[in-house]
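Atoms considered below: every heavy atom in the structure, side chains included; atoms not considered: hydrogens, waters and symmetry mates. A note on names: the letters A, B, ... follow the listed sequences, proteins ahead of strands, and every chain is numbered from 1.
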Number of protein chains: 2
Amino acid sequence: MPDRDASLETIQRELTAFARRARAAAARLHPELSLVSYTLLAHLEEQGGCRATDLAAHYLLDKSTVSRQIAGLERLGFVERRPAPEDQRAQVLHLTARGADTLAQVAANRRDAFRERLGDWDDADLDRFAGYLLRYNASNRTLIQHAPQN
Amino acid sequence: MPDRDASLETIQRELTAFARRARAAAARLHPELSLVSYTLLAHLEEQGGCRATDLAAHYLLDKSTVSRQIAGLERLGFVERRPAPEDQRAQVLHLTARGADTLAQVAANRRDAFRERLGDWDDADLDRFAGYLLRYNASNRTLIQHAPQN
DNA sequence: CCTTTAAGTTGTACTATACAACCGAACCCG
DNA sequence: CGGGTTCGGTTGTATAGTACAACTTAAAGG
């Protein structure tokens, strides 16, 4: 019964539609933190601090892009730079208390929005959907290893 | 067993990760057509032509944004404007043969990329994943109806 | 008719991004 | 150990996508 090509077509179309709206949706949901800023802060929290280069590598961004993003977040008082003990060239980026607060606030907003949006899904469906997304993104990550540029 | 909050968290994180990469991925996959251009052309094909205003409404874009996007696509020879028979203010946008060709080419590339990426998924999983994405985006669409701006 | 509304364009500004050139520190080989 | 090489980061420059506001022209409607 499942038509493989139709499914692929749908997946492609719906993911594209989602991607197109994501930035604007994030801006609406939390104007004080862009999707990218949010992501970088969340990574810093999760990792307990890391270098700009690590962020660039992880998110496939140019180091200049990360440098400017971080400069903005520092200006806002959300991150601070600490000397890296083992390499004087590097700086380790850390969330400030203010950054952690803002991140927590935004994360809560997002959580609520998702909870609302997915409120009528049953647990098993949510679980499967989460699993599929993980699997999809993991395959993406694999492909990226082989990609040339960026 | 499925933990609802954990699933929500994962869905949120993975969708965000995907959104962040989508544009760059599209640029890599088909440099000649950005994600937005692709989307607009695909909509024109699907609809068999429509007005700029319709595109703006459908994709929640400002009309100036659409105007410039279309201007670009026209410059590339991918779309043409025809007078709207019933309203002299409006123009109906149509794909040109060249636009249709390019779109078909890009769509084929995308299809291949997705087929490759999802090659090891079995049919039932693909079908369910497609269904979940449809359902997710549909709820998004509903929320957007209530949103104020844009 | 004359006001209001709708479709589109243009001016302006901002953000995210990339690439290239650069700086300075650290690393490593001979 | 010393000088070339690599690495982390910043800055200059350019581009794309987007929004908002002001404007133009045309339709619609009392």
(message) Is it the case that the ring center of A/Y132 lies less than 6.0 angstrom away from the ring center of B/W121?
(response) yes
(message) Measure CZ/A/R75 against C1'/D/dT10 and give the value in whole Å, please.
(response) 13 Å
(request) Indicate whether any N or O donor in one side chain lies under 3.5 Å from an N or O acceptor in the other, for B/S37 and B/S34. (result) yes
(request) Please check the phosphate of D/dG17 (OP1 and OP2 only) for any side-chain N or O of B/Q69 closer than 4.0 Å. (result) yes
(request) Ignoring the backbone of B/T53, work out which of C/dT10, C/dG8, C/dC19 is nearest its side chain. (result) C/dG8
(request) To the nearest Å, give me how far apart CG (A/D62) and P (D/dT10) are. (result) 12 Å
(request) Could you tell me whether a side-chain N or O of B/D123 sits under 3.5 Å from a main-chain N or O of A/R4, the two making a donor and an acceptor? (result) no
(request) Give a yes/no answer on whether the side chain of A/S64 brings an N or O atom under 4.0 Å of OP1 or OP2 in C/dC19. (result) no
(request) Mark yes or no for whether A/D112, through its side chain, and A/N109, through its backbone, hold a donor-acceptor pair below 3.5 Å. (result) no
(message) If I compare all heavy atoms of A/Q12 with all of A/T16, which pair ends up nearest, and what's the gap?
(response) O-OG1, 2.7 Å
(message) From C-beta outward on B/T65, which listed nucleotide comes closest to its side chain: C/dG11, C/dT10, D/dT18?
(response) D/dT18
(message) The side chain of B/A52 is closest to which nucleotide in this list: D/dG12, C/dG8, D/dT18?
(response) C/dG8
(message) Taking the minimum atom-to-atom distance to the side chain of B/K63, which one of C/dT10, C/dA7, D/dG17 wins?
(response) C/dA7
(request) Rounded to the nearest angstrom, tell me the gap between atom CG in B/L61 and atom P in C/dT9. (result) 15 Å
(message) Rounded to whole Å, please give me the gap between CG in B/L76 and C1' in D/dA16.
(response) 13 Å
(request) Just compare C/dG8, C/dC19, D/dT10 and give me whichever is closest to any side-chain atom of B/R51. (result) C/dG8
(request) Rounded off to whole Å, could you give me the CD-to-C1' distance for the A/E32 and C/dT15 pair? (result) 16 Å
(request) Examine distances only and state if a side-chain atom of B/T10 and a backbone atom of A/A130 form a donor-acceptor pair shorter than 3.5 Å. (result) no
(request) With the side chain of A/S34 defined as its heavy atoms from C-beta on, choose the nearest nucleotide among D/dG9, C/dA16, D/dG17. (result) C/dA16
(message) Whole angstroms only, please: what is the CG-P distance between B/L55 and C/dT9?
(response) 12 Å
Which pairs, protein N/O on one side and nucleotides 25-30 of chain D N/O on the other, fall under 3.5 Å?
| unit_1 | atom_1 | unit_2 | atom_2 | d |
| --- | --- | --- | --- | --- |
| D/dA27 | OP1 | B/Q88 | N | 3.0 |

(message) Whether the side chain of B/R98 engages the backbone of B/L76 through a donor-acceptor N/O pair (distance < 3.5 Å, no angle test) should be reported.
(response) yes
(message) So if I take every side-chain heavy atom of A/R81 and compare against D/dG9, D/dT18, C/dC19, which nucleotide ends up nearest?
(response) D/dG9
(request) Report yes if a donor N or O on one partner sits less than 3.5 Å from an acceptor N or O on the other, where the partners are the side chain of A/R68 and the base of D/dT13; otherwise report no. (result) yes
(message) From CG of A/D54 over to C1' of D/dC7, roughly how many Å is that when rounded to an integer?
(response) 12 Å
(message) Using OP1 and OP2 only, check whether a side-chain N or O of B/S67 sits under 4.0 Å from C/dT9.
(response) yes
(message) Do the side chains of A/R115 and B/D5 get close enough for a salt bridge, i.e. N-O under 4.0 angstrom?
(response) yes
(message) How many whole angstroms separate atom CZ of B/R23 from atom C1' of C/dA16?
(response) 9 Å
(message) Go nucleotide by nucleotide along DNA chain D from the 5' end; which of A/V66 and A/R20 gets its closest nucleotide reached first?
(response) A/V66
